[in-house]
Amino acid sequence: MTRKTEVAVKGLKAHCGLALIAVGAILLAVCYVAGVETNTELLAGLALIIAGFSLHIWLQKRAEKY
């Protein structure tokens with residue numbers, strides 16, 4: 001991998017948690033608009049949000065120098 005690619009991947013990896021939160025929120029909004037009343041889709045959106053939140057916290061703690 002080249003140095004430029006490494007920097008790009010590192011920058012993208014830092015935002016993976018936030019992307020998961022956004023995808024989960026979009027999934028919940030789509031379920032609301034479509035009138036979905038089953039728990040499977042709603043729980044999938046919630047799981048994405050929780051996973052994104054946890055991943056974001058973990059990556060931020062890992063990046064700290066303390």
Side-chain angles (χ1 to χ4, degrees):
M1 220 187 279
T2 65
R3 176 76 177 140
K4 212 175 203 183
T5 308
E6 288 177 11
V7 171
V9 169
K10 189 174 184 178
L12 287 175
K13 191 166 66 168
H15 300 292
C16 285
L18 296 177
L20 279 177
I21 293 171
V23 169
I26 290 169
L27 179 62
L28 289 176
V30 168
C31 287
Y32 176 75
V33 170
V36 175
E37 295 182 7
T38 61
N39 289 335
T40 306
E41 290 85 4
L42 298 175
L43 288 174
L46 178 64
L48 285 171
I49 291 172
I50 291 172
F53 181 72
S54 301
L55 181 64
H56 179 70
I57 298 266
W58 181 72
L59 288 173
Q60 290 298 317
K61 291 243 182 221
R62 194 171 138 213
E64 287 182 2
K65 296 181 181 185
Y66 296 110

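Values below: all heavy atoms of this structure, side chains included; hydrogens, waters and symmetry mates excluded. On a predicted model such as this, the values are computed, not experimentally measured, just so you know.
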Student: Find the distance between CD1 (I21) and CD1 (I26) and round it off to the nearest 0.5 Å.
Tutor: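 Interatomic distance, I21 CD1 to I26 CD1, rounded to 0.5 Å: 12.0 Å.
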
Student: Looking only at heavy atoms, what is the nearest atom pair of I49 and L28, with distance?
Tutor: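 Answer, listing the atom of I49 first, then L28: CD1-CD1, 3.6 Å.
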
Student: Using a side-chain heavy atom cutoff under 4.5 Å and only I, L, V, M, F, W and Y, what cluster partners does L48 have?
Tutor: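 Members alongside L48: L20, V23, L27, L55, W58, L59.
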
